[in-house]
Each structure stands twice: as C-alpha cells, then as structure tokens.
Amino acid sequence: MASKNKKTQEDNPLKNVIAHAKEYGFIFQSSEVYDGLQAVYDYGQYGVELKNNIKKLWWQSMVQLNDNIVGVDSAIFMHPTVWKASGHVDGFSDPLVDNKDSQKRYRADVLVEDKAAEYVKAGEPEKGKALEQKLGALLEAEDLEAVRQLIIDEEIVCPVSGTDNWTDVRQFNLMFSTEVGSVADESSTIYLRPETAQGIFVNFLNVQKTGRMKIPFGIAQIGKAFRNEIVARQFTFRMREFEQMEMQFFVRPGTEMEWYEQWKETRMKWHKALGLDAEKLQYHDHEKLAHYANAAVDIEYEFPFGFKEIEGIHSRSDFDLTQHQEFSKKKQQYFDDEVKQNYVPYVVETSVGADRSFLATFCNALTTETVGEGEKQKERTFLKLHPAIAPVKAAILPLNKKDGLPEIAQEIFEDLKYDFNCIYEEKQTIGKRYTRQDLIGTPFCIAIDYQTLEDQTVTIRHRDTMEQERVHKDELAGIIGNAVSFKNIFKQL
RNA sequence: GCGGGAGUAGCUCAGCUGGUAGAGCGACAGCCUUCCAAGCUGUAGGUCGCGAGUUCGAACCUCGUCUCCCGCUCCA
C-alpha cells in the first residue's frame, strides 16, 4: 500500500494538488464538459477568493505602501506597432522543425542560413547567397512546405542524429492575433498582449505628467496576458491565458543596480510573508539575458516538480522607452530637476505570475499530517493558508440544529459577514464541518454550544492546531480581524 | 511536437481470456447526537472521455480523436 502510494506520487508529483484543487472548488479545467481546452483553467468558488486576495495583497503592498508607486489598468488590445517596438513580433514567431530521430527542435531558417554560411566558407559565396535569397523568398511567401523541401534538397542533417528525418516546418506564433473592425485586411490584425509591461511603458508619460510623478517612481498593473506556449504543462504553471502582477520602476540612469538589488530583496520578503516556506524559495540569476535586460534574477519556488520561476526581477535599462521613442517618434524623456538633465529613464521591473503565486501558495499550504493515537490515528489534510489570504475567514457552526443554537449562530454570522467572508453551516456533525473547513483553509471555526446559551461565549477553533479557546462572542470580530489583517504581512516587507 | 502512461459516479478506484457496470468515501433528505470526516434509514448520480470499426454482443479488441500526467524539446 505504502509503496503503491509512493510510486503514484513519484509518477505524478502534482496529482494530489490537482485533485484537491478540483475537489474543493479552487481550479477547474476550462470547458471541461467539452473535454477541456488545453492549458486553460478556470478558478472556482474558493479559487477566485484566494486569487483575489493574493492580487489585492500585491496591489496594496505596491501602491498603498509606496507613495511613489501608482497603478494603471491598460487594455489587452494595443496598437500593433507596440509589439514591433518591444521586439515581440520578431522574437516571438519562428519557423520550427523537429528531427524525428534526435527529437531536437531547430529554427528552420537558421538551419538553412547555416548551410548558406558553409557555402561561403567553402569558397562558394554565390551559391550561399543564392540559397539565402531562395530562403528569403519562401519565408516571405510563407511557403513552409517548400522550406522543408529546401532543407532536404540541401541535404541538411540534424547535427545530433545525423539524419534528415524532419517533421513539417511549422510557424510558431507565440502571440495570439485577432482582428479589430469588420474589415479583414492586414492592417486590422492586432495581438492579445503577451505581457502587461508594454501597457505601462506606453503610459509612462501620461502617468508621470498627470500624476506629477518624480523619478524614481513606479507604475503597477495586474492583468491578463496571453502566450501561445509551444508546450503547456504542469497544471496552471504554464497557461495560455495567465495573469501578471507587474511593476515598472523608473529610475535615473546609473542608479538602476541599487534599485534592482532593493526590489530583489523586497520581493523575496513578500513571498515569505505570504507564507511560502523560506527553504523552498531561492534566487536564480539569469546567465543568458534577454535582449532588453542588463541584469535579471528569478525568484523560484520549489514546486513538487522542482524549483521554478514565480517572479522575475529585471533591470530593463532604457530599452523599452527608447524603442517606443523611436517607433512613435515621440520623446519618452523626463527632466530631472536635481541633475538638470533630460533623459530616458531606466527601468527595473518586478513581474510575478498571479497564477504561479497562487499555485505556489496552494502547493505550500496543502498539508497532510497524522493525528491521534492508537486506533484513532488517521491522516488529516488541511490547507495551511495565511489567514489574510484564506478564501473563507470563519465558519459559524452551531453544535447542533436545535435548542436555539442555530438562532444564536445566525446572529453571529449576520454580525461578522459585513467584515469577513464567512460560512454558516448547521448540517451534519460538527466534526465533518470542521474537516470541510480545514480542506478549504478556513483559519477559524466558531462553535456555538450550550454554554453559549448561558454566558454568550463561543469556542474558536484554530485550523492548524485544532485547538480551541473560549471567548465572548463580542470578541470575535477583533480576534478574526487582527489575524486576517494585511498589516501582519506588510510589516514584514 | 516526439516518446511513454492514463481517462469507469463528485473523489479514490475495482471490473479475469468480450456477455450492455460495482465498492468505499462524499453529496442530498430524515432520525440520532453538547466538539473533530461517528451511527442508523433512505435518495440521487455513470450511454465506462468522444467517434468509428470488428463482433450475435464492446468498459474490455482495432483505428482515429480530445484531455490529463511524466520525460525530452521550447520558453520576452
């Protein structure tokens, strides 16, 4: 039995997480009744609460705690030139081909270009040039079948397997496109944004001027982004539609590394304060930097499938604003009174995946422990969520549904529901109701018993320890309010 | 995309070499019960992922397809 369980867990490290997320209304697969849509997921009744709490916590720790950070909510649709300027049009769309024997994937255009370079090197520059021109013409005509034929005709083989057993050449467009307007000509093609950052960059001057912002300052945004991932895997870790929580911090050139270090530290504290285990968090420096960055680090969480990125902190230099300045022909500059200089600000970006933060939190919280002794020993599963982000803050439970207990419980529920997301339940035994709350991570269960009838006290049960304390019912709002306050988290930042 | 594994009730799964489906848990209703998935009674819920084919007959065999999981590959 034990060995069987172990094997299952090894085979599917996320299986328990996925099963729990579905069973208790956190995450469902998109369009499940129609067999689902690959790499797209929906948040259920408790999932949406948890996710909203995470987003709210992030938002407030950015725009409420920092008087030099403000927020925006930019549209998902943006002018097509934005993505030319950002480099996504060129960088996010390649003709790819696989070698079936080595199972290696290559850019088809690079394979041919390398071959052309070989000709040049071998003293046949005309042949090389002719090949490049042919390739250019085929790519222009988007004739991918001909590109494959060209690879075969040129006897290009996979450097690993040494064979020419190629799949079809496929065009990978990592950006989703759609049409705006009713006329379906090329100029109306626009993209669903692959990142939220550009919505901040194009509003840099709007916000700076209307908000009278002085550098250094930041613009925060939470929003959906879309990416046609080649391979979508690992549950909600890599989805086609996902949500980012990004903050672009505009700084004076030359100061970017100080800010980079500071945000690196602050953001790590945030994840820890949220409740992620410190030993499951680590920095991962980027060896290979993206085209826009001069320093980059990931904050990684140890998921059941290994350490993976949940947040990236990038020093983006002045790349984005300079690009927009060039493409839009509009100055993206700031006059710095202190140094009496006009410059394009440098940018330090913090970008956390809301869904990844959710998944990390969920994995981290899902706890199984053995309780009881002897014959009463059993497994107990609960979600050890920080009370501030738990979907439900308190469950109000009359010990049974007679002798006036439900009436008092209802009164308490009515009193608390304006401040906290609460649940009232009177059906079934109290033990079953406790367990149900444990499974969705409710930090407090308030039981109304016969003593309540006498002295207006109730028991309040703590999820993690299952211990109970007896308090007067008028103290409940204070106890719960204190425990679920974001302040506890903010103080750790 | 390639390779491997899987898909049966809300969940976990059983169902032998083909004979049109079961269990436990859960859910719901009621009874009982003053504290951790208790007990009793009852109820609902599945065209066995979907579509073809073979067969007198398919959850089971064959093909296709969708989805999930694992590995590889890709990933501003």
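Per chain, numbering begins at 1; letters A, B, ... match sequence-line order. Keep in mind that this is a model prediction, so the values were computed, not measured.
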Salt-bridged, A:Arg433 to A:Glu425, with N to O below 4.0 Å?
no

Taking the same atom, P, in B:rU55 and in B:rG15, what whole-Å distance lies between them?
29 Å

Considering only atom P, compute the distance from B:rC66 to B:rU12 and round it to an integer number of Å.
24 Å

For B:rA38, the nucleotide meeting Watson-Crick or G-U wobble distances (both under 3.5 Å) is none

Less than 3.5 Å between a donor and an acceptor, one on the side chain of A:Arg461 and one on the base of B:rC35, is that the case here?
no

Using a distance-only criterion (donor-acceptor N/O pair, under 3.5 Å, no hydrogens), is the base of B:rC35 paired with the side chain of A:Thr459?
yes

Between A:Lys432 and B:rA27, is there a side-chain N or O to OP1/OP2 distance below 4.0 Å?
yes

First encountered from the 5' end of RNA chain B, between A:Glu309 and A:Ile448:
A:Ile448

Spacing of the C1' atoms in B:rC56 and B:rC50 (rounded, Å)
25 Å

If B:rG46 has a Watson-Crick or G-U wobble mate with both distances under 3.5 Å, name it; if not, just say none.
none

What I want to check is whether an N or O donor and acceptor connect the side chain of A:Arg380 with the base of B:rC36 at under 3.5 Å.
no

Answer yes if the side chains of A:Gln437 and A:Arg461 hold a donor-acceptor pair under 3.5 Å, and no otherwise.
no

Side-chain ion pair, A:Glu369 and A:Lys384, N-O less than 4.0 Å:
no

Determine whether the aromatic ring centres of residues A:Phe303 and A:Tyr301 are separated by less than 6.0 angstrom.
yes

B:rA23 -> Watson-Crick or G-U wobble partner, both distances under 3.5 Å, gives B:rU12

Using both distances under 3.5 Å as the test, list the Watson-Crick or G-U wobble partner of B:rA59, or none.
none

5'-most contact on RNA chain B (nearest-nucleotide basis), A:Lys427 vs A:Tyr41, goes to A:Lys427

Between B:rG10 and B:rA27, how far apart are the two C1' atoms, rounded to whole Å?
7 Å

Base B:rC35 to side chain A:Gln468, donor-acceptor N/O within 3.5 Å cut-off:
yes

